[in-house]
Each structure stands twice: as C-alpha cells, then as structure tokens.
Protein chains: 2
Amino acid sequence: MKTTRNTTAKTTILEIIKHSDVALSHTEIQTLSNNICDRVTIYRVLDRLVGEDVIHKIVNLDGTIKYASCHHAHNEVEHTHNHIHFSCEKCHAVTCLDTVEPTFKMPSNYLVKAVNFTLSGLCPSCL
Amino acid sequence: MKTTRNTTAKTTILEIIKHSDVALSHTEIQTLSNNICDRVTIYRVLDRLVGEDVIHKIVNLDGTIKYASCHHAHNEVEHTHNHIHFSCEKCHAVTCLDTVEPTFKMPSNYLVKAVNFTLSGLCPSCL
DNA sequence: ATAATTAATGCAACAATGTTGCGATATATA
DNA sequence: TATATATCGCAACATTGTTGCATTAATTAT
C-alpha cells in the first residue's frame, strides 16, 4: 500500500500556500521557497497536495495555473471547488471568494461536473 | 497609420475557426491548416484576429488556450464575451453557450470587468 | 536504537508551448 | 507599375511541464 510522507519540501510549500492570501503559481512558490528544493520536486509536491485535497488548482484568466489552500472543513460531505475566483488585472493577485456562489441554468442535455468561474477586474486594494 | 491586411494565412485560419463548432487550440489549427504556414505565423494571426475582435480567446479548464469565432453582431453597443463555455471531459470539445447567462452577486469593493465561466462534464454527444 | 522498506528527491534530458529579431516576401495604395 | 510597409519564415531563445533513474531520507518493523 502506498503511503504519503511528510517531507520538509512538502511542509514548506504547504506553509507558503497556506500563509498566502492569494493563489500562487509554481514559479511564485519556487521564488518564495528560496529554492529550498528542485523545480521538479515542487511540481510533484503540488500534485500530491492536490491529490490529498489539501490545496486546489486554479486556472487563471490568462491560462496560468495557480494553487491555493482549501479553507473548507475536510469532513464535509459534499466537497466541491465550485466557488468564484477573482483575478486582479493590476496586481495579478488571484483570490478565492468562497462565499459567492454563482447560479446558472444549463440545457438538460449537458452533464455538469465541475465549475470554473473566474472574474477579472480590480481588487479592493487596487480600486 | 497601421492598417491590417488580408493574407492567405489569415483567411485560411479564420475559415477554419469559423467552420468549427468547437473552440480550437493553436496546435489543432496548425494540424487542420495542413501546415499552410509557419507555427509562429499562426500565433501572430491569432493575436491579430483577437485584436480585431473577430475571434475570442478561451482558457480551458486544463489551462489550454482555445479560439472561437464571435457570433455576435459587430455593431453591438455593449460587446462582452461574458458567456459560458462548456468543456467536455470525454471528447475535449469546447463549445460556447451564448444563450446561458450566469448570475452572481459580488462584494461592492470589487470592480468586475470580465467574466470567464467554464463548465466541464459531458456534452450531449458524449452523454 | 537500528535496520529495512520504499516514498520522495535531485539531476539530466526531453517535450510542448510561446516569444523575439531580422531579412525576405507579399499586400494594399499611390 | 512602383512604393511603402504589414506580414511571413526562419532561427534562436524562454518558459513551463514531464519522465527515467540513481540517491536520499521518512516511516515501519526488528
């Protein structure tokens, strides 16, 4: 059976993500970690953390991939990431708006499994 | 004054995008065009077409960039791309759902300028 | 505490995607 | 038909992400 181990790289990366109030890209994490480990290791740690459902992956409006920690209780029955992300076009920060729930009606011949709702504009700091 | 010219590459690429009922990536366009021009030219033509507001750029759920033609009347006063895109996880087709309008309420301290709403799941063909 | 197991890492090499500079070409205009 | 310049092709480069494999280190068993 395949277990998961808590390594220094994993702990450090998770701390960086948890302490950030915006979603971070692989490159940003690498810079913030002060090259504590190899570039490849960061990719693998991020994959592991996403798999463990500790962080989640966000696709930014410009196509860049960002990561943010999950704020939900882990024992939640229905666990989705269907909340809104906001991408500031000035400071490029990506924030999760957990409270805002988008509503929409789809044609019945589609089966919707996941939602990615990203808004862009100016965040409170840049307004 | 900087004018725009209609070249064979531009015409061909636009035709490909217009005749497709799903959004296409750079690579898909390159394949469909049968290598009529250089890889770089496709990037530049796509940028131009987006700038001319003839096609629009979509960021897929997996981060890949797709392009689709704009179906709206060009003399529309308020012209936004704030409609929903659907990304099928089986056939990977990305379609524009022009009719479906998402609704949501944002905290007032944000200035929303653009909306990117992408759903994923199974499209009617794969359901 | 020590040894054994194997998850995780570092490194190198590779692949895919996108960008830039510049001389050559082709399109629109005079 | 000649001219100006937008566009193209090519080469070279940058960024981002992936894979294989030998080495290291975290966990478990002794």
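Convention: sequence-line order gives letters A, B, ...; per-chain numbering from 1.
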Asks: Can you work out whether B/Thr64 or A/Lys10 has the more 5'-proximal nearest nucleotide on DNA chain C?
Replies: A/Lys10
Asks: Just how far, in rounded Å, is P of C/dG18 from CD1 of A/Ile65?
Replies: 12 Å
Asks: Take A/His56 and A/Tyr67 through the test ring-ring contact (aromatic ring centres under 6.0 Å, His included) and record every step on the way to the result.
Replies: CA-CA 6 Å; A/His56 65 281; A/Tyr67 297 88; 9.1 Å; no
Asks: Would a line drawn from the ring center of B/Phe117 to the ring center of B/His85 be shorter than 6.0 Å?
Replies: no
Asks: Where the side chain of B/Asp38 is defined as all heavy atoms beyond and including C-beta, which of C/dC11, C/dT9, D/dG9 is the nearest nucleotide?
Replies: D/dG9
Asks: Can you find a pair of side-chain heavy atoms, one from A/Ile84 and one from B/Phe104, that are under 4.5 Å apart?
Replies: yes
Asks: OP1, OP2 of D/dT15 versus side-chain N and O of A/Thr27: anything below 4.0 Å?
Replies: no
Asks: What nucleic acid atoms does A/Arg44 come within less than 4.0 Å of, heavy atoms only: base, sugar-phosphate, or nothing?
Replies: base
Asks: Which of the following nucleotides, C/dC11, C/dA8, C/dG21, is nearest to the side chain of A/Val40?
Replies: C/dC11
Asks: For nucleotides 28-30 of chain C, tabulate all protein N/O to nucleotide N/O atom pairs closer than 3.5 Å, reporting atom names and distance.
Replies:
residue: C/dA28; atom: OP1; partner: B/Asn6; partner atom: N; Å: 2.9
residue: C/dA28; atom: OP1; partner: B/Asn6; partner atom: O; Å: 3.4

Asks: Have a look at B/Arg48 and say if it touches a base, only the backbone sugar-phosphate, or nothing, with a 4.0 Å heavy-atom cut-off.
Replies: sugar-phosphate
Asks: In whole Å, I'd like the distance from the NZ atom of A/Lys57 to the P atom of D/dT16.
Replies: 14 Å
Asks: Nearest whole angstrom, please: distance from the P of D/dC13 to the OH of B/Tyr43.
Replies: 18 Å
Asks: Any non-hydrogen side-chain atom of A/Thr95 less than 4.5 Å from a side-chain atom of A/Asp21?
Replies: no
Asks: Between atom CZ in A/Arg39 and atom P in C/dC14, what is the gap in whole Å?
Replies: 15 Å
Asks: Report the distance from atom CG of B/Leu24 to atom OG1 of B/Thr31, rounding to the nearest 0.5 Å.
Replies: 10.0 Å
Asks: Starting at NE2 of A/His26 and ending at P of D/dT18, how long is that distance when rounded to a whole Å?
Replies: 10 Å
Asks: To the nearest angstrom, how far is A/Glu28 atom CD from D/dT15 atom P?
Replies: 15 Å
Asks: Restricting to side chain to side chain contact (heavy atoms under 4.5 Å, CB included), what partner residues turn up for A/Val59, sequence neighbours left out?
Replies: A/Ile65, A/Asn116, B/Val59
Asks: List the steps, then state whether side-chain contact (heavy atoms from CB on, under 4.5 Å) holds for A/Thr4 with A/Lys10.
Replies: CA-CA 11 Å; A/Thr4 179; A/Lys10 184 179 169 185; 3.2 Å; yes
Asks: In whole angstrom, give the distance that lies between atom CD1 of A/Ile42 and atom C1' of D/dT15.
Replies: 15 Å
Asks: May I have the distance from A/Gln30 (atom CD) to D/dT15 (atom P), rounded to whole angstrom?
Replies: 11 Å
